[in-house]
Amino acid sequence: MLTVLLTACSSAPLLPPQFPEQSLGLPDRFSTSGSQLTAQRWWQSFSNSELDQLVNLALASNPDLQATYWRLQQADAAAAQARSGFWPRLTGALENTEQRRASSNNFDFSGAENEGNSWSGSLAAGYEVDLWGRVRSGARAAEAGRLAREDSFQVAALTLAAEVTSVWLQLQEAWGQQQLLEQQLDTNRKTLRVLELRFGGGVSGAADVLQQRQLVEQSQQELAQSRADIQVLQVQLAALLGVAPEQLPDFARTVSGLPVLPALPDTGVPSHLLLRRPDVRLAQREVLQGHYLANQAWAERLPALTLSLFFSGGGRSLSDIADDWLLNFSTALEGVIFDGGNLAAAERQQQAVEQERWSAFRNTVMQALSEVEQALINERAIRERLSFLETRTELADQITLRQRRAYGQGSVDFLNVLSATDNQQSLERQLLTARRQLLENRVTLYRALSGGLPAQDLPQPAAQELEVYRVENP
């Protein structure tokens with residue numbers, strides 16, 4: 001009987017059919033789409049070997065990602081624990097008793113059994129017949145939780161890859177800003193020397209020299225800030241790689257400049273694309289987990305049928321256990337008659353949890369849709385802003401050149417030259433920042449469209465020997 005019941009329970013599927021998607025109200029298409037297929041390793045679209053190495057190193061050694069891996073292992077163990085309810089529980093005991101009478105004791109024991117050696121053994125088996133699906137629901141809930149942790153692992157890996165790429169892009173921009181500021185500082189110093197010579201010859205006024213000195217000081221200040229920004233970004237990058245700043249690899253210090261923006265990816269059909277995202281799958285499986293927990297809470301209110309088998313034996317020798325034994329088999333039906341509404345309240349609580357997770361799932365889907373659309377809108381806006389900045393920069397170059405010529409001819413005040421130069425240098429820096437923002441926005445789009453990373457890219461760190469932390473301090 002136990003074998004038949006066990007086989008019937010263990011053959012039940014762990015998860016139900018696909019969760020219904022028609023109630024999410026997704027649009028047929030996104031507002032914009034390209035034709036380029038996005039690879040799972042989307043950061044390789046930037047065609048930079050240093051970036052590829054950084055992302056691979058971060059995925060392999062980032063401590064936070066490794067912690068997420070061990071949370072997945074916890075969920076896997078919890079699912080195995082829940083599945084153990086499909087099997088009977090078997091316990092055993094073996095006992096040896098040595099009994100002797102003191103020689104100084106004058107009390108007369110009757111019977112030889114009061115002195116000597118005896119053995120006893122027992123086996124006990126217990127099994128709950130899963131009449132109402134309590135065990136099945138618990139196992140399915142645990143399996144849904146394990147799958148949710150798998151998706152959480154993917155979310156953490158995607159987030160890490162995006163953070164490393166974004167910091168790398170900011171670092172490339174910071175190096176570019178430093179080079180640009182060094183060039184501008186050199187130009188401003190040369191202009192200052194010319195003005196000082198003109199002032200010494202009585203051609204320029206003191207105010208012109210002071211204003212140019214102020215511009216030189218401003219360039220030095222911005223250059224110092226740029227160097228500090230580079231150091232901060234390197235520290236951030238080292239933390240993402242899981243190393244100390246001084247251990248940052250040499251290829252992480254390579255100045256390669258901002259990469260070329262890849263072609264716009266194919267955004268696909270929202271109902272197909274978004275529902276493969278790890279964060280959406282995570283929310284979906286949490287809904288399933290809540291559903292099974294609600295079923296389990298309902299089954300907890302009903303009587304439980306348990307089967308018990310007890311075998312015991314004993315004697316003067318170990319072999320007597322198998323010769324002189326007793327077998328008991330019992331069936332029990334046990335249920336709560338009155339508990340003040342505790343189990344009913346627990347069922348209502350799990351039903352509310354299921355409803356909450358359904359709402360959270362819908363919100364996750366809407367947020368995923370919003371992320372893609374926002375990234376597409378931002379890309380169009382940044383492209384347009386870049387076009388304006390490029391035109392303004394070209395005009396600023398021409399204006400600065402003409403203002404310098406006019407100042408040399410004495411037809412304009414030096415303040416016009418100073419204003420034109422400051423505007424020109426500011427636009428050059430804005431142009432570099434906008435190019436980085438366009439690339440960083442593409443990172444956001446890639447992450448929003450990603451269905452997860454290849455399994456071989458995810459870490460499987462070896463367990464560390466932590467015995468040193470288990471020793472109590474004196």
Side-chain angles (χ1 to χ4, degrees), residues 34 36 38-59 61-62 64-65 156-182 222-223 225-243 245 248-265 371-372 374-387 389-390 393 427-450 453 457:
Q36 185 74 30
T38 304
Q40 283 185 291
R41 299 181 180 96
W42 45 262
W43 57 88
Q44 295 180 351
S45 302
F46 295 111
S47 302
N48 187 279
S49 59
E50 287 80 14
L51 174 60
D52 296 343
Q53 292 180 75
L54 287 172
V55 174
N56 292 336
L57 182 58
L59 291 174
S61 58
N62 179 267
D64 189 52
L65 186 60
L158 274 174
T159 301
L160 177 62
E163 288 178 347
V164 170
T165 306
S166 295
V167 171
W168 179 81
L169 288 172
Q170 293 174 39
L171 194 53
Q172 295 302 321
E173 185 212 347
W175 275 319
Q177 293 283 7
Q178 178 177 292
Q179 294 173 355
L180 190 58
L181 286 166
E182 287 173 348
E222 292 171 344
L223 181 58
Q225 182 61 52
S226 176
R227 289 168 178 163
D229 291 341
I230 290 174
Q231 292 178 350
V232 170
L233 289 169
Q234 288 176 334
V235 170
Q236 292 178 359
L237 187 59
L240 292 173
L241 300 183
V243 298
L248 200 64
D250 292 336
F251 62 80
R253 306 178 190 275
T254 303
V255 182
S256 55
L258 292 174
V260 178
L261 182 71
L264 186 67
E371 285 180 11
V372 176
Q374 287 183 56
L376 293 171
I377 293 170
N378 285 335
E379 177 152 335
R380 292 195 297 269
I382 297 173
R383 282 179 179 272
E384 188 175 8
R385 178 153 56 92
L386 262 173
S387 178
L389 282 172
E390 288 170 353
T393 302
L427 285 171
E428 288 176 341
R429 296 194 298 273
Q430 291 180 45
L431 190 61
L432 185 58
T433 298
R435 287 172 180 162
R436 188 266 305 166
Q437 290 174 343
L438 182 61
L439 290 163
E440 201 166 349
N441 183 76
R442 178 59 63 83
V443 172
T444 302
L445 180 61
Y446 283 146
R447 182 179 180 275
L449 296 175
S450 177
L453 303 183
D457 288 358

If you take all heavy atoms of [X] and [Y], which pair is closest and at what distance?
X	Y	value
Pro259	Leu169	CD-CD2, 3.8 Å
Arg429	Leu181	CD-CD2, 3.7 Å
Gly257	Trp168	O-CH2, 4.3 Å
Phe251	Glu50	O-CG, 3.5 Å
Ala434	Ile382	O-CG2, 3.6 Å
Pro249	Leu57	CG-CD2, 4.1 Å

Min side-chain heavy-atom separation [X]-[Y] under 4.5 Å:
X	Y	answer
Pro262	Trp42	no
Leu54	Trp43	no
Gln179	Val255	yes
Leu248	Leu241	yes
Val55	Asp457	no

### Task
Using the side-chain hydrogen bond (donor to acceptor under 3.5 Å, both in side chains) rule, take Thr393 and Glu428 through it: C-alpha gap first, then chi angles, then the decisive distance, then the call.
CA-CA 7 Å; Thr393 302; Glu428 288 176 341; over 6 Å; no
Any donor-acceptor pair under 3.5 Å linking the side chain of [X] with the backbone of [Y]?
X	Y	answer
Asn62	Ala58	no
Glu440	Thr165	no
Gln36	Leu264	no
Ser226	Glu222	no

What is the distance from atom [atom1] of [X] to atom [atom2] of [Y], rounded to the nearest 0.5 Å?
X	Y	atom1	atom2	result
Leu59	Leu160	CG	CG	5.5 Å
Gln231	Leu171	CD	CG	11.0 Å
Leu431	Leu427	CG	CG	8.5 Å
Leu261	Ser45	CG	OG	10.0 Å
Arg436	Gln172	CZ	CD	12.0 Å
Leu432	Trp175	CG	CH2	13.5 Å

### Test salt bridge (charged side-chain N to carboxylate O under 4.0 Å, His left out) applied to Arg383 and Glu379, step by step
CA-CA 6 Å; Arg383 282 179 179 272; Glu379 177 152 335; 3.4 Å; yes
### Message
Would Gln177 and Thr433 count as a side chain to side chain contact (heavy atoms under 4.5 Å, CB included) here? Give the steps.
### Response
CA-CA 8 Å; Gln177 293 283 7; Thr433 298; 3.1 Å; yes
### Message
Taking the basic N atoms (NZ, or NE/NH1/NH2) and the acidic carboxylate oxygens, is any pair closer than 4.0 Å for Arg447 and Glu163?
### Response
no
### Query
Run the side-chain hydrogen bond (donor to acceptor under 3.5 Å, both in side chains) check on Asn441 and Gln437 step by step: do they pass?
CA-CA 6 Å; Asn441 183 76; Gln437 290 174 343; over 6 Å; no
### Query
Taking it one step at a time, do Arg41 and Asp52 satisfy side chain to side chain contact (heavy atoms under 4.5 Å, CB included)?
CA-CA 9 Å; Arg41 299 181 180 96; Asp52 296 343; over 6 Å; no
### Query
Pick one: which of Ile377, Thr444, Leu449 meets side chain to side chain contact (heavy atoms under 4.5 Å, CB included) with Val372?
Leu449
